[in-house]
Amino acid sequence: MGLKDKLHKLKLKYKDKKMAPAFNAIHTFLYLPNETTHSGSHVRGADDLKRTMNTVIMALLPCLIFGMFNAGYQHHLAAGEIEAVTNGFFSSEFWTLDNLIVGLWKVLPLVIISYGVGLGVEFLFAVIKKHEVEEGYLVTGMLVPLIVPIDTPLWMLAIAVIFGVVIGKEVFGGTGMNILNPALTIRAFLFFAYPTWMSGDKVWVHGAVERANEIAGGAQLDAISGETVLGALAQGKELTYSVSDMFLGFIPGSVGETSSILILLGALFLIFTKIGSWRIMLSSVIGALVMGLIFNGVVSANWIDEGSKFYSLMSTEFWHHLIIGGFAFGVVFMATDPVTASQTNKGKWIYGFLIGFISILIRVFNPAYPEGVMLAILLMNVFAPTIDHYVIQGNIKKRMKRLKLKTA
């Protein structure tokens, strides 16, 4: 008797026990369930929730691996220990063991805490409410470490994960019932509960906070400044990174959001596998470009002077907004969440366009928080059902008119 058969026998033995949901989750994660349907007609597909979640994780893995190297690279670069990359992805200064060690040391604990605490909460709710553990948190657990600053304290992340899973998901009934993206709920909690750890020019590069504290205490050390592109522009500073650096990802930022090219490859993979909606992605890009063009037009028409605190972000090339900050990552991996996004095709166009439009609007007019994609997606999560409602009602009215014309 193989291990799979032994686990199945144990599953049947303890199926009525209190811990059955937790045991079933482990069993189905390792093996395909043995149960089959014996009655009725059914439409069967090759995909299921587990395969869907695993596909998204595969799309996220390149961002995670690059983020580990970039964490070490930004740390050593800011400390003056290495030179800036010159050959892009083929640069010997980037793909080094030293960079990877720093990345592993800082990123892996974030991943472990995210999965450990999040799955612990899900297992607890499954046991208490006596329902199966869904695989939805497999993606959320990977997204969370990729959208937070590298030096986020682990205890802080644990509290935020508990809040996000309970308030953003379980209170609505679990996977498939939530109205807000759980990963963004966690990120929003961190931002509003611990704002000094989620913004500024010291939280995006490993070691910057500690060195700043040592300097404040009288130690004679050089400070590490690791402000993001958006942070610099929000303060009226000139852009110091090249377009290629921003596109490839050799800039400070959250762990997984910096490399636009890897995010683009992930988007193509999700579209090819029919997991992510190309309508939402494309319409979000269109919305961002439209808002960026409007701001460029305002600056060109001299409706705002160079001394304004909004000038730098307004005058930024409209298409640059797509490759700086977390816009690309949010649009590809979180705006397309099938649970919280619009479900109708026309609704997806409206939903995505408003996310892109509002993201750039918040980015420009909120210097304290120039990254607006998180708030834009959460806002549109709330309005997604309303958008679908009016789209459906509009289709019903059109059909009724056609029916009246035929019967007239």
Side-chain angles (χ1 to χ4, degrees), residues 37 39-53 55-56 59 134-136 139 168-169 171-185 267-294 322 327 330-362 372-408:
T37 305
S39 62
S41 58
H42 301 270
V43 177
R44 302 184 185 278
D47 60 335
D48 57 19
L49 183 59
K50 189 181 301 181
R51 288 189 178 92
T52 299
M53 298 298 106
T55 301
V56 180
E134 300 287 353
E135 290 84 358
V139 170
K169 183 177 179 182
V171 296
F172 294 102
T175 301
M177 306 296 290
N178 51 292
I179 63 172
L180 298 175
N181 184 287
L184 284 177
T185 304
L268 295 175
F269 180 67
L270 292 180
I271 293 171
F272 175 76
T273 55
K274 298 182 180 180
I275 301 299
S277 171
W278 65 269
R279 293 179 177 85
I280 293 177
M281 297 183 197
L282 179 58
S283 58
S284 296
V285 169
I286 294 172
L289 292 177
V290 169
M291 190 74 262
L293 280 169
I294 291 174
L322 304 180
F327 177 81
V331 164
V332 171
F333 294 110
M334 288 178 282
T336 56
D337 177 13
V339 176
T340 56
S342 290
Q343 305 300 310
T344 60
N345 286 340
K346 184 182 292 186
K348 289 176 181 177
W349 285 104
I350 300 171
Y351 170 84
F353 181 86
L354 290 176
I355 285 177
F357 194 88
I358 296 172
S359 292
I360 308 306
L361 187 67
I362 297 174
V373 68
M374 176 192 76
L375 298 178
I377 294 174
L378 287 174
L379 177 65
M380 295 315 301
N381 283 167
V382 175
F383 284 99
T386 304
I387 293 173
D388 285 337
H389 170 76
Y390 282 106
V391 169
I392 293 172
Q393 292 300 314
N395 289 337
I396 291 174
K397 289 180 180 179
K398 288 180 181 178
R399 292 180 180 181
M400 293 299 294
K401 288 181 179 179
R402 287 199 297 265
L403 181 63
K404 289 180 179 178
L405 290 174
K406 287 182 179 180
T407 56

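Quick note: numbers below take in every heavy atom, side chains included, and nothing from hydrogens, waters or symmetry partners.
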Notebook entry, point to check: Where do Met334 and Ala183 come nearest, in terms of heavy atoms and distance?
Noted result: SD-CB, 4.4 Å
Note to self: Restricting to side chain to side chain contact (heavy atoms under 4.5 Å, CB included), what partner residues turn up for Leu378, sequence neighbours left out?
What the structure shows: Leu180, Leu184, Thr185, Ala188, Met374, Asn381
Next item on the list: Please name all residues satisfying ring pair (Phe, Tyr, Trp, His ring centres under 6.0 Å) with Phe327, sequence neighbours left out, ordered by chain then number.
Entry: none
Notebook entry, point to check: Is a side-chain N or O of Ser342 found less than 3.5 angstrom from the main chain of Lys348, in a donor-acceptor match?
Noted result: no
Next item on the list: Identify the two heavy atoms, one from Gly330 and one from Val373, that lie closest to each other, and give their separation to 0.1 Å.
Entry: CA-CG2, 4.3 Å
Item checked: side chain to side chain contact (heavy atoms under 4.5 Å, CB included) between Val339 and Asn178, intermediate numbers included -> CA-CA 7 Å; Val339 176; Asn178 51 292; 3.7 Å; yes
Notebook entry, point to check: Atom CD1 of Ile350 and atom CD1 of Ile387: how far apart are they, to the nearest 0.5 Å?
Noted result: 6.0 Å
Check: Who passes side-chain hydrogen bond (donor to acceptor under 3.5 Å, both in side chains) against Thr55, sequence neighbours left out?
Finding: none
Next item on the list: Mind checking side chain to side chain contact (heavy atoms under 4.5 Å, CB included) for Leu375 and listing every partner two or more places apart, or none if nothing turns up?
Entry: Phe192, Ile362, Tyr369
Margin query: Show me the pairs that pass side chain to side chain donor-acceptor pair (under 3.5 Å) and involve residues 387-399, at least two apart or across chains.
Written below: Thr344-Asp388
Next item on the list: Supply the atom-to-atom distance Ile280 CD1 to Thr336 OG1, rounded to the nearest 0.5 angstrom.
Entry: 6.5 Å
Notebook entry, point to check: Do any pairs count as a ring pair (Phe, Tyr, Trp, His ring centres under 6.0 Å) and have a residue in residues 337-358, sequence neighbours left out, and if so which ones?
Noted result: Trp278-Trp349, Phe353-Phe357
Next item on the list: Show your working on side chain to side chain contact (heavy atoms under 4.5 Å, CB included) between Leu289 and Leu322 and close with a plain yes or no.
Entry: CA-CA 8 Å; Leu289 292 177; Leu322 304 180; 3.7 Å; yes
Check: What is the distance from atom CE of Met380 to atom CD1 of Ile358, rounded to the nearest 0.5 Å?
Finding: 5.5 Å
Check: Taking all atoms of both residues into account, what is the closest heavy-atom pair of Met281 and Val332, and its distance?
Finding: CE-O, 4.0 Å
Checklist line | Distance in Å, Ile377 CD1 paired with Ser359 OG, rounded so as to fall on 0.5 Å steps | finding: 6.5 Å
Check: In Å and rounded to the nearest 0.5 Å, what is the OG to CG distance from Ser283 to Leu354?
Finding: 9.0 Å
Note to self: If you compare all heavy atoms of Ala384 against all heavy atoms of Ala341, which two are closest, and at what distance to 0.1 Å?
What the structure shows: CB-C, 3.9 Å
Next item on the list: Starting at OG1 of Thr340, measure out to NZ of Lys169 and round the result to the nearest 0.5 Å.
Entry: 11.5 Å
Note to self: Could you work out, with side chain to side chain contact (heavy atoms under 4.5 Å, CB included) as the rule, every residue matching Leu293, not counting sequence neighbours?
What the structure shows: Phe318
